[in-house]
Amino acid sequence: MEEKLSAFSIKNDLKTRFIGKRVIYYPSLPSTMTVAKKEALAGAAEGTAIIAGEQTEGRGRLERRWVSPAGSISLSIVLYPQPSLLPSLIMMASLAVVRAIESIAGLKAQIKWPNDILINNKKVCGILVESGSTGKNDTYAIIGIGINANVKVESIGDVLVPATSLSGESGGEVSRLMLVRQLLIEMERLYPASNNSEDVYRGWMDSLVTIGKKVRAVSGKAIYEGVAESVNKDGGLVIRLQDGSTKTLTAGDVTLQD
Ligand code: BTN
């Protein structure tokens, strides 16, 4: 039987300085993003974590829906980064998820640009970063992380990218409590304010499954086909197109072609 997720069990003896020092847990919420934004605008402490046992109106990238039934992990963290650090937040969050999954579930995870986490080429986690101004001259950023932990794949659908879950891949339940705690630790370790953005960039790049692959990228109304050649330090994906020129994408959806 899985240990219960609660603010107390998550925070208890957690060795972080600020990420997860304040945890607000809800058994069920429409979306942790909405609560986290409210908290940020009300001046919540940096590192405040909003966690839900399930979400009824989970949000994904590009205004998609994110299905988060009981057994999944839905988490949003409030940060106040320097605006120049915003691009590194996606890298930091993706890498933190990869490391936490490896350490707690013992599964090898990879990143599909920009921030889908895959296991065996199937999506196990999605990340959404939303930012804005606090109205007091500060920038807030909310990092939203949704992990298909102990859920049946049939319950999360298979719409754009084939989906999987940690329990499906490992053949047994994974402790969501341990995973959330490890995630908070990894995020603090990687948070770019601690001057290690070069290491975060390298680690993120090394975990990207996209580089060197033939890709089809959809960005707004445009479609690009070519080979994903590299990523730049702002997180942009450089694609070598069929005519030999390059195109750098800052947002979009990428499908791997081989
Ligand atoms: C994506 O892959 O499209 C991103 C999915 C992000 C989902 C997480 S779950 C926690 C947080 N709350 C939300 O409503 N969305 C994010």
Side-chain angles (χ1 to χ4, degrees), residues 5 10 19-20 23-40 44 47-79 89-98 100-101 109-119 121-132 140-151 153 155-166 176 179-180 183-184 187 204 207-210 217-219 235 237 249-256:
L5 270 187
I10 293 165
I19 296 197
V23 173
I24 312 176
Y25 175 78
Y26 296 84
S28 179
L29 258 192
S31 166
T32 56
M33 296 306 277
T34 314
V35 176
K37 180 176 174 184
K38 253 194 208 147
E39 286 287 331
T48 295
I50 317 297
I51 301 179
E54 65 166 12
Q55 295 183 122
T56 51
E57 288 166 35
R59 303 205 299 266
R61 285 197 315 127
L62 309 170
E63 306 196 358
R64 292 181 188 131
R65 190 168 154 248
W66 179 260
V67 182
S68 3
S72 61
I73 293 174
S74 302
L75 158 79
S76 291
I77 309 279
V78 177
L79 296 171
L89 295 184
I90 286 182
M91 303 181 198
M92 158 199 136
S94 322
L95 194 52
V97 171
V98 165
I101 288 179
Q110 287 182 301
I111 305 166
K112 181 166 81 68
W113 185 89
N115 49 6
D116 282 349
I117 310 300
L118 310 184
I119 297 180
N121 290 323
K122 287 175 279 178
K123 181 161 169 173
V124 73
C125 164
I127 298 168
L128 178 67
V129 178
E130 291 179 349
S131 59
Y140 75 81
I142 311 293
I143 301 190
I145 299 176
I147 305 179
N148 305 330
N150 301 322
V151 296
V153 176
S155 65
I156 44 183
D158 217 14
V159 195
L160 289 164
V161 188
T164 192
S165 66
L166 296 178
R176 287 183 304 156
L179 193 57
V180 167
L183 193 49
L184 298 171
M187 281 213 270
W204 177 70
S207 294
L208 275 176
V209 69
T210 319
V218 180
S219 180
L237 179 70
L249 297 187
T250 52
D253 270 324
V254 163
T255 317
L256 305 178

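Predicted model only: the values in this text are computed from it and were never measured. Each ligand, and each atom within it, is numbered from 1 in the order the structure gives.
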Would Thr48 and Ile19 count as a side chain to side chain contact (heavy atoms under 4.5 Å, CB included) if you check the C-alpha gap in whole Å, the side-chain angles of each, and the deciding distance to 0.1 Å? CA-CA 6 Å; Thr48 295; Ile19 296 197; over 6 Å; no
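- For Lys37, the salt bridge (charged side-chain N to carboxylate O under 4.0 Å, His left out) criterion is met by no residue, not counting sequence neighbours.
- Shown here for Ser155 and Val67, the closest heavy-atom pair between the two residues is O-CG1, 3.5 Å.
- Here Glu39 pairs with Arg22 under the salt bridge (charged side-chain N to carboxylate O under 4.0 Å, His left out) rule; sequence neighbours left out.
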Passes side chain to side chain contact (heavy atoms under 4.5 Å, CB included), Trp204 versus Ile111? Steps please. CA-CA 8 Å; Trp204 177 70; Ile111 305 166; 3.6 Å; yes
What are the distances between nitrogen or oxygen atoms of ligand 1 and protein nitrogen or oxygen atoms, counting only those under 3.5 Å?
residue: ligand 1; atom: 2 (O); partner: Lys123; partner atom: NZ; Å: 2.7
residue: ligand 1; atom: 3 (O); partner: Arg61; partner atom: N; Å: 2.6
residue: ligand 1; atom: 12 (N); partner: Thr32; partner atom: OG1; Å: 3.0
residue: ligand 1; atom: 12 (N); partner: Gln55; partner atom: OE1; Å: 2.9
residue: ligand 1; atom: 14 (O); partner: Ser31; partner atom: OG; Å: 2.7
residue: ligand 1; atom: 14 (O); partner: Gln55; partner atom: OE1; Å: 3.4
residue: ligand 1; atom: 14 (O); partner: Arg59; partner atom: N; Å: 2.7
residue: ligand 1; atom: 15 (N); partner: Arg59; partner atom: O; Å: 2.7

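- Residues that satisfy the salt bridge (charged side-chain N to carboxylate O under 4.0 Å, His left out) test with Glu130, not counting sequence neighbours, are Arg59.
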